[in-house]
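The residues of the chain are indexed from 1 along the displayed sequence.
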Amino acid sequence: MGFSKDFAWGAATSSYQIEGAAEEGGKGTDIWDVFTKEPGRIAGGHTGDVACDHYHRFREDVAMMKEMGLKAYRFSVNWARVLPEGTGRVNEEGVRFYSDLIDALLEAGIEPYLTLYHWEMPYELYKRGGWMNPESVRWFGEYAKLAAERFSDRVRYFFTLNEPQCFVGLGYLRGEHAPGLKAPLRDVFEIAHNALKAHGYAVQMLRQYGKQPLVIGYAPTGSMCYPESEKEEDIEAARQMLFSIPENMDNWTWSVSWWSDPVILGEYPEEGMKQFEPYLPKITEKDMKLISEPIDIYGQNIYNGRCIRMGTDGRPEDTVRYEGFPKTAMSWPVTPECLYWGPKFLYERYRKPIYITENGMSCHDVVSVDGKVHDPNRIDFLARYLRELKKAAGEIEVGGYFQWSLMDNFEWASGYAERFGLIYVDYRTQKRIWKDSAYWYRDMIRTNGEEL
C-alpha cells in the first residue's frame, strides 16, 4: 500500500512571495505592498517588489516544474492584480498573466491548483474596513465569480482561503503580518467569522459560474498532534489535543477545530463557543449554512507537530522535547510523525480526501564551491515526512502533496532570510539553481514514492 496511481505530486507558491512586478501590468496595491514599506516590519527592510520576478519569468519556472516531473502546481492569484480596487473594474492585463500561466502549466502536463486568497487583500478594500466590513463576504464572492468565469474552463481545482489562522492571527491579533494590527479580541472574532462566510460565498460562486464540475477545497494550517506511544490512551490524548481550543487568548487563532468544524461540520466547537462567548459576534443559522457550503477536498498545511500523552490526571499533556531536538533553520521542530497522525485524525473527523497543501523546511542553503546547492538535511526531512504520509495514504484517502516551496522566495516577516525552496534563487541575478533536493524529489515522483 502507498500512494495512489493518480496521486498529485506538486509544489506550491503564493503570488506576493514570488511574482514581483508590484506596480506593473495595471496591478492595484495590496496590503503587503503597504506593510512591507513600514520601517521595522520586515527583516532587512525587504519587500516583495521584485521577489523572484516570476511575473516575467513564469515560462522558465514552468519549464523547471516540467523537468522536475511535477504533476500539480498550487499557486495563488493576487486579488489586487485582477481587481485593482478589489471590486468592479477588471484588470485584463492581470487576468491575462494568470491565463497565460495556466496555459503554460497545461501545456507542460501540470494540473493547476488555484488558491484565491493567500493574503493579498487589495488596499482599497482594506481602507473600507477589509475583513472587518461585513461587505467583505460579497467582495470575495465577486472575486471568486471572476476567477470562475475566466479560469475554470481550464482549472478544475480551487482552494478558497490559505491559512486563516495566520492571516487573521498574525495580521490582526499579533500585528506581525499585514496589515499589522493588534485589534481588540471582539474585532478579531468578527474578522474571523466574516472570512469564513466569505469562504462559503466563494464556494457558491465557484459552483454557480464554474465552466465544468469543480473540485473545491480549503487550506487551513495548525500544529498537528501525535501520540507519545501506540497506547490507546495516548492516541486519544493526541486526538483530543489536536481539536482542543487554545486557552491563551494571545494565540487563540492557532486552532484546528475553530476554523474547520464550521466549514465541514456546520458548527463552531462547543468548547470554543463557551470560552470565547464574551467576544463573539452574532452568529446566525444562516451564517453557518453559508460557511458550511459543501466542499470536496480538505487541504492542510503541515510543518510540525507536538508529541502528546495522556497525563496521570486523565488530561492530555505535551511531552517535553529532549535536549538537542532536531530543528530547521527557522528553529521549527522536525517531527515527521505529524504527517501520519495529522492526516489520520483530520480524515477521521472530517471525512474528506486530505491534501497536504504545504510542507517543507527552511535550510541554510548556500551555493557551494562546485557551483551546486547541497541540502542533505532537506532530503532527509522530506524522506522522513513522506514516509509517514505514505503510511497514512495506505489507511485513509490522501489525494496529493505540495512541497513548500518550488523556489526560495519572500518569506513574509522574515524577508529573504529563510530559504524553503527546492530551487535556489540568487536574488541579485534571479538565477535559479536546482538544489540536490529538487533532483531527489524528481526521482521520488518518478517512482511514486516506492523507494521511501
Give a yes-or-no answer on whether the side chains of Thr13 and Ser405 include a donor-acceptor pair shorter than 3.5 Å.
-> no

Atom pair CD1/OH of Ile302 and Tyr401 - distance to nearest 0.5 Å | 10.0 Å

Sort and list the pairs that fulfil salt bridge (Lys or Arg N to Asp or Glu O under 4.0 Å) and have at least one residue in residues 41-50, not counting sequence neighbours.
-> Lys37-Asp49, Glu38-Arg41

Return yes if a side-chain donor-acceptor contact under 3.5 Å exists between Tyr340 and Glu395, otherwise no.
-> yes

Should the ring pair Phe35 and Trp32 be called parallel, tilted or perpendicular, given that the plane angle runs from 0 to 90° and is split at 30 and 60?
-> perpendicular

Polar contact flag, side-chain donor to acceptor under 3.5 angstrom, Arg154-Ser99 = yes

When rounded to the nearest 0.5 Å, the distance separating CD1 of Ile102 from CD1 of Ile110 is 13.0 Å

Return the orientation label for the Tyr157 and Tyr355 ring planes: parallel under 30°, perpendicular over 60°, tilted otherwise.
-> tilted

Determine, for Lys145 against Glu142, whether the closest basic-nitrogen to carboxylate-oxygen distance falls under 4.0 angstrom.
-> no

Using the salt bridge (Lys or Arg N to Asp or Glu O under 4.0 Å) rule, collect all pairs that involve residues 198-221, keeping only residues at least two apart or in two chains.
-> Arg207-Asp296

Minimal heavy-atom distance between Thr221 and Asn301, with the atoms involved, is OG1-O, 3.0 Å

Salt bridge present between Asp100 and Arg96 (N-O < 4.0 angstrom) | no

Mind checking whether Phe159 and Phe402 have parallel, tilted or perpendicular rings, split at 30° and 60°?
-> perpendicular

Shortest non-hydrogen contact from Ala104 to Arg59?
-> CB-NH1, 4.2 Å

CG/Asn377 to CG/Leu382 distance, rounded to the nearest 0.5 angstrom?
-> 10.0 Å

Shortest non-hydrogen contact between Asp33 and Ala22, atoms and distance | OD1-CB, 3.8 Å

Taken to the nearest 0.5 Å, the spacing of Gln403 CD from Leu70 CG works out to 9.5 Å

Count the heavy atoms of every other residue, nucleotide or ligand shown that sit under 6.0 Å from CD of Glu23, and state whether that count exceeds 12.
-> no

From Tyr218 atom OH to Leu116 atom CG, the distance as rounded to the nearest 0.5 Å = 13.5 Å

Kindly give the heavy-atom pair with the smallest separation between Tyr113 and Ala8, and that separation in Å.
-> OH-CB, 3.6 Å

For Gln165, the side chain to side chain donor-acceptor pair (under 3.5 Å) test, sequence neighbours excluded, returns none

Looking at Gly421 and Lys435, what are the two nearest heavy atoms and their distance?
-> O-NZ, 2.7 Å

side-chain contact (heavy atoms from CB on, under 4.5 Å) with Phe3: which of Asn448, Ile445, Val398?
-> Asn448

Pairs satisfying salt bridge (Lys or Arg N to Asp or Glu O under 4.0 Å), at least one member in residues 164-183, at least two apart | Arg174-Glu176

Salt bridge flag under 4.0 Å for residues Asp375 and Arg419 | no

Any chance you could lay out the ring-ring contact (aromatic ring centres under 6.0 Å, His included) test for Trp119 and Trp412, step after step, and finish with the verdict?
-> CA-CA 10 Å; Trp119 315 350; Trp412 308 117; 4.5 Å; yes

Member of Asp408, Asp426, Asp61 meeting the salt bridge (Lys or Arg N to Asp or Glu O under 4.0 Å) criterion with Arg432 | Asp61

Would you indicate whether Arg384, at its atom CZ, is surrounded by more than 12 heavy atoms from other residues, nucleotides or ligands within a distance under 6.0 Å?
-> no

Once you round to the nearest 0.5 Å, how far does CD of Glu388 lie from CD of Glu337?
-> 6.0 Å

Between Gln430 and His56, a side-chain donor and acceptor under 3.5 Å | no

Could you tell me how the ring of Phe410 sits relative to the ring of Tyr16: parallel (under 30°), tilted (30 to 60°) or perpendicular (over 60°)?
-> perpendicular

Plane angle bin for Tyr441 and Trp9 - parallel if under 30°, tilted between 30 and 60°, otherwise perpendicular | perpendicular

Mind checking whether Arg378 and Asp365 have side chains closer than 4.5 Å, heavy atoms only?
-> yes

Any side-chain heavy-atom pair from Val168 and Trp131 closer than 4.5 angstrom?
-> no

How about Thr328 and Val334: do any of their side-chain heavy atoms sit closer than 4.5 Å?
-> yes

Note: Ala43 and Ser414 closest approach over all heavy atoms is CB-O, 3.6 Å

Could you tell me whether Lys390 and Glu450 have a side-chain N and a carboxylate O separated by less than 4.0 Å?
-> no

All pairs passing ring-ring contact (aromatic ring centres under 6.0 Å, His included) where residues 82-109 contributes a residue, at least two apart = Tyr55-Phe97, Phe58-Phe97

Not counting sequence neighbours, list each pair that qualifies as a salt bridge (Lys or Arg N to Asp or Glu O under 4.0 Å) and has a residue in residues 346-358.
-> Arg74-Glu358, Arg239-Glu348, Asp261-Arg349

